[in-house]
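A short worksheet on the structure shown next.
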Amino acid sequence: MLFSQDLIRSLGTAVDLVNTPLTTVADLAALVERRKVASPDEVTGADLDAVRGSRDELHRVFTTPDQAVERLNKLLGATKVTLRLSEHDGLPLHLHHSAEQAPVAEQLTADCGLALAQLFVHGEQTRLRTCAAEGCSRVFVDASRNRCRVYCDSRTCGNRMHAAAHRARRRR
Ligand SMILES: [Zn+2]
Ligand SMILES: [Zn+2]
């Protein structure tokens, strides 16, 4: 399956959304700015509540893939997605989806939900993973060719678990 630049970006937003503890409106504003989904000035408390709700559902798409289709249909059914042909960054003409006039939660749900849905359409849902490191519950999308990634980050969790395994071997 070909991961387009737009798909990679949207999957990155889904991972970021699920992994970010959203406690305050400022947390959500920072995420919105970081992922360039909307203007951070528009974010309200109502958005925060709505985003946290859909964020939990998106998290379950990663953890329980057998129920994900129903879940994604419900999430996407609650958004008003519009499509537009677009050409940018030297890429050939392709479709963009957006929910631009919609509240922030709807924009995020549409963007992340469609990206995750594409993995299911192409039978690539086993790439949706949760970090295997002890004490880490971050999710990630394994985009590696051989699909063997097990940690959210090889430098942090990967190194930590390799060091722990090394120490365990030396104790034996
Ligand atoms: Zn594009
Ligand atoms: Zn991790």
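Every number for a ligand or one of its atoms is a count from 1 in the order of the listing. Throughout, numbering of the chain's residues begins at 1 and tracks the sequence. As the structure is a computational prediction, the values presented were derived from the model and not from experiment.
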- Between SG of Cys131 and SG of Cys152, what angle is found at the Zn ion (ligand 2), rounded to 10 degrees? 110°
- Message: Give me the atom names and distance for the closest heavy-atom approach of Arg149 to Ser144.
- Response: N-OG, 4.1 Å
- Tightest non-hydrogen contact, residues Leu17 and Arg55, listed as O-CG, 3.3 Å
- Query: Strictly by modelled atom types, are Asp16 and Thr13 linked by a side-chain donor-acceptor pair under 3.5 Å?
  - Reply: no
- Would you check if the Zn ion (ligand 1) lies under 2.8 Å from any N, O or S atom of Asp89? no
- Message: To make sure I understand the geometry: which N, O or S atom in Asp6 is closest to the Zn ion (ligand 1)?
- Response: OD2
- Please note down the angle at the Zn ion (ligand 1) between NE2 of His96 and NE2 of His88, to the nearest 10°. 100°
- Could you give the distance from CG (Leu75) to CG (Leu108), rounded to the nearest 0.5 Å? 11.5 Å
